[in-house]
Undergrad: 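Take a look at the following structure, please.
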Amino acid sequence: DYNPATLRVFSEPIEVFVLSESEHASYVQELMNDTIAKLEDAMRTEQQNLDENKRIEKDLKDPKKAAEAKDKLPEQQNKELDNNEEIKKLAKELKETFKEAAKNKSIETKTLKEMADAMKSMQEMADKDMPEIAGDLDQAQDKKNSEEKTKEDLKKAIEKQEKLLDKMKETAEKAEKAKETLEAGTFVNRLKQAATDEESIAQSIISDANDILGLHYGELDPVFKRLVQSLFLQQEQTTSDVRWIQEDLSFFHARTQKPEHKNILEKMKEAKITDILTAIEKEIELQRTGNAIRETMESAKKLRDWAKELEGSKEQADGGDGGGGGGGGGGSSEDKDFEFMLKVMR
């Protein structure tokens, strides 16, 4: 902040990360992974609460244990309220993740719809289902209650908890499905990004080929030494990215067993793409510009072809609607309303 009458005052530095669409999609995927893990924890907690409530219900039928069992009800109510708070936080987190995902036009409308459905279910649990269970547990511990009324209120809470657990499982499945379709889509974007990176390296070599052709590294002008170093590091990063794509694709196929991913994985292995990309690093290092240009362009074409093949099989599986936030002429009125909402949000 500069005021002419005073000395300059500097704020703390702020670090800003600028992500490509594919990097941003991977970031959203990480957020989804975190949300699903927390939801599974909340499900386990709810199951434990339900088990304990069933033990209390059983003990209430035994005159010797009934008083002690009823004394446990306030603790059970508090546990339910605590878990309710966790679900509220998760619903808020998922809402923020959805808003983040909606910024990215490469993320499909189908994925966003699945995220929105999971978000809606989680909000219902937090605002309605869990408070009702806590309310029944509160009613059950009322000192004015007869034994029958206590048992009846506890039974209501247990029945609602069983329904809640089913709803939690359905919500987790919706969130997992959204994450899976998001992950499948990121492979297309990551392959396209790697192809673009390879093309960029080739174009950089072409534009400065005359100045580095036939020269040893030690003979280069300092400017072109830096260029060769930069290109080498870029190629090294692309090689690493493609290696991760292949590894992630392997794990993804192991989970989903989808033939299209197996097909691309086999093609990547057969082409020995990571070996070729590693060899290009050496070509750049030794200023073998002709080889480097040819091999980077060939690699870029392979990566782009695999991305198109995955994208095509994905569109076929989705019935021809493969747009990332686009939308065709078909679809239900609900889908069209959702498309319109996304456009307004963006």
Undergrad: Going by atom types alone, do E80 and N84 pair a side-chain donor with an acceptor below 3.5 Å?
TA: no

Undergrad: For the residue pair H261 and F252, does the interplanar ring angle fall in the parallel (under 30°), tilted (30 to 60°) or perpendicular (over 60°) class?
TA: perpendicular

Undergrad: Assess whether a salt bridge exists between K156 and E159, defined as any Lys/Arg side-chain N lying under 4.0 Å from an Asp/Glu carboxylate O.
TA: no

Undergrad: Compute whether any side-chain donor of one residue and acceptor of the other, for T239 and E281, lie under 3.5 angstrom apart.
TA: yes

Undergrad: Report yes if some heavy atom in the side chain of K95 is under 4.5 Å from a heavy atom in the side chain of F98; otherwise report no.
TA: no

Undergrad: Going by atom types only, do E52 and Q76 share a side-chain donor-acceptor pair under 3.5 Å?
TA: no

Undergrad: Quick one: do the D241 and Q237 side chains pair a donor with an acceptor below 3.5 Å?
TA: yes

Undergrad: Tell me yes or no: between the side chains of E309 and N263, is some donor less than 3.5 Å from an acceptor?
TA: yes

Undergrad: For the side chain of S240 and the backbone of E236, is there at least one donor-acceptor N/O pair under 3.5 Å apart?
TA: no

Undergrad: Are side-chain N/O atoms of Q246 and T274 paired as donor and acceptor at under 3.5 Å?
TA: no

Undergrad: Heavy-atom count check: over 12 atoms from other residues, nucleotides or ligands less than 6.0 Å from Q257 CD?
TA: yes

Undergrad: Between E93 and K89, does any NZ, NE, NH1 or NH2 come within less than 4.0 Å of an OD or OE carboxylate oxygen?
TA: no

Undergrad: For I56 and A69, which heavy atoms make the closest approach, and how far apart are they?
TA: CG2-O, 3.6 Å

Undergrad: Is a donor from one side chain sitting under 3.5 angstrom from an acceptor on the other, for S121 and K174?
TA: yes

Undergrad: Could you tell me whether the side chains of E295 and N291 share a donor-acceptor contact shorter than 3.5 Å?
TA: no

Undergrad: Going by the side chain to side chain contact (heavy atoms under 4.5 Å, CB included) test, name the single residue among Q235, E283, K301 that passes it with T296.
TA: Q235

Undergrad: Between the side chains of K258 and E180, is the shortest nitrogen-to-carboxylate-oxygen separation below 4.0 Å, so that they form an ion pair?
TA: yes

Undergrad: So which atom in A271 and which in K302 form the shortest heavy-atom distance, rounded to 0.1 Å?
TA: CB-NZ, 4.4 Å

Undergrad: Check whether any side-chain N or O of S204 sits under 3.5 Å from a backbone N or O of S200 as a donor-acceptor pair, and report yes or no.
TA: yes

Undergrad: For the side chain of D59 and the backbone of K65, is there at least one donor-acceptor N/O pair under 3.5 Å apart?
TA: no

Undergrad: Just by distance, with hydrogens left out, do E152 and Q139 show a side-chain donor and acceptor under 3.5 Å apart?
TA: no

Undergrad: Considering all heavy atoms of both residues, which atom of I264 and which atom of W306 are nearest to each other, and what is their separation?
TA: CD1-O, 3.8 Å

Undergrad: Please determine, by modelled atom types, if T181 and E114 share a side-chain donor-acceptor pair under 3.5 angstrom.
TA: yes

Undergrad: Would you say E57 and N53 are linked by a side-chain donor-acceptor pair, where the criterion is simply a distance under 3.5 Å?
TA: no

Undergrad: Would you tell me whether S26 and T186 have side-chain atoms, one donor and one acceptor, within less than 3.5 Å of each other?
TA: no

Undergrad: Going by heavy atoms in the side chains, are Q141 and D153 under 4.5 Å from each other?
TA: no

